[in-house]
Amino acid sequence: MIKINNLSKIFRTDLIETHALRQINLQVNEGEFAALTGPSGSGKSTLLNVLGTLESFDQGDYLLDGRSVKGLSDRELSALRNEKIGFIFQGFNLIKDFSLFDNIELPLRYRGFSAAERKRRVEHALETVGLAARRDYHPSQLSGGQQQRVAIARAIAGEPRILLADEPTGNLDSLMARQVMELLEKINQQGCTILMVTHDPDQARRANRHIQIVDGQLNDATLYEPLGYEPLTAAGA
Ligand SMILES: Nc1ncnc2c1ncn2[C@@H]1O[C@H](COP(=O)(O)OP(=O)(O)OP(=O)(O)O)[C@@H](O)[C@H]1O
Ligand SMILES: [Mg+2]
């Protein structure tokens, strides 16, 4: 479960201070499929990066499965991230000289799984995204939608509890976008919590929750809280 309280993030350069996230409160429960929308520059990627522990924050608190990430070392953070979180980036971030199999396997190598366990996970992930027959292809031999599915396979091969997806259908035509959405819905039904950035109102409607961000602030008026959502309490913070 993701829980952030009063979280702020400021980017500082010599000339300008950008308040990318302003006192955000958010709880995402196990099993939710939440869509995050907002204008360009509103802080969507920043929020995802903070939640993915790829980026630090200036104020507030972030609890990942009840554990505060504040004060953790880089090593502890990456262990936590590798164990719990799968990331699908804006753009695919695939290694072009690697086969699909090797692309998906690489993060598993960092985690020290045995060769047999890596093989099991990669094959299962490739099957889930419907690309088992192409395991030895290189990314350049695939369509955009297929490459996006490889990026999803790489994220789910880690068997994360939480999947953070930054515009996973942003570069795709509508048919491929629909296939990727269906795939994410399937992964969610298997128990993985998903937070997905999208520009597409139809996709936001298909999620079970729609969170909007404008100028670094969550718009609580539009925050749909599904049944069972627990309001934030000071005691739980
Ligand atoms: N590394 C950085 N250094 C300085 N400012 C940054 C940095 N990353 C993001 N920003 C600023 O923070 C704000 C939020 O950026 P962010 O990338 O989160 O927006 P976004 O909602 O993902 O936009 P888009 O829809 O265009 O991807 C923007 O004003 C951006 O210029
Ligand atoms: Mg972005």
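Numbering of ligands and ligand atoms starts at 1, following listing order. What you see below is based on every heavy atom in this structure, not just the backbone, and it leaves out hydrogens, waters and symmetry mates.
- Using a cut-off of 4.0 Å between Lys/Arg side-chain N and Asp/Glu carboxylate O, Lys186 and Glu127 are scored as not salt-bridged.
- Geometrically, ligand 1 and Ala20 share no nitrogen or oxygen pair separated by less than 3.5 Å.
- With respect to the salt-bridge test (charged N to carboxylate O, under 4.0 angstrom), the residues Glu117 and Arg121 qualify.
- Atom 23 (O) of ligand 1 has its nearest heavy-atom neighbour, among Gly41, Gly170, Ser42, in Gly41.
- Closest to atom 25 (O) of ligand 1 among all protein heavy atoms lies Lys44 NZ, 2.7 Å.
- Salt-bridge check for Lys44 with Glu167: failed, with every basic side-chain N at 4.0 Å or more from each acidic carboxylate O.
- For a distance bound of 2.8 Å, the N, O or S atoms of Ser40 include none lying that close to the Mg ion (ligand 2).
- The N/O atoms of Ser40, backbone and side chain alike, include one that comes under 3.5 Å of an N/O atom in ligand 1.
- Note that atom 31 (O) of ligand 1 has no protein non-hydrogen atoms nearby, at separations under 4.0 angstrom.
- Under the 4.0 angstrom criterion for non-hydrogen atoms, Pro39 is in contact with ligand 1.
- Contact annotation for Thr46 and ligand 1: heavy atoms of both the backbone and the side chain come within less than 4.0 Å of the ligand.
- Scanning the protein for heavy atoms near atom 27 (O) of ligand 1, the closest one is Gln90 NE2, 3.2 Å.
- The protein heavy atom nearest to atom 4 (C) of ligand 1 is Phe11 CB, 3.4 Å.
- Counting heavy atoms from C-beta on, the side chains of Met196 and Met181 come closer than 4.5 Å.
- Follow the hydrophobic side-chain contacts under 4.5 Å out from Leu106 and you never reach Tyr137; the two are in separate clusters.
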List, one per line, each side-chain donor-acceptor pair under 3.5 Å for residues 46-59, sequence neighbours excluded.
residue : atom : partner : partner atom : Å
Asn49   : ND2  : Ser45   : O            : 3.3
Thr53   : OG1  : Arg81   : NE           : 3.0
Asp58   : OD2  : Ile10   : N            : 2.7

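- Between Ile4 and Leu63, every side-chain heavy-atom pair lies at or beyond the 4.5 Å cut-off.
- Close N/O approach between Ser45 and ligand 1 is found [any backbone or side-chain N/O within under 3.5 Å].
- Between Thr18 and ligand 1, no pair of N/O atoms sits closer than 3.5 Å.
- Looking only at atom types and distance, the side chain of Gln23 has no donor-acceptor partner in the side chain of Asn25 under 3.5 Å away.
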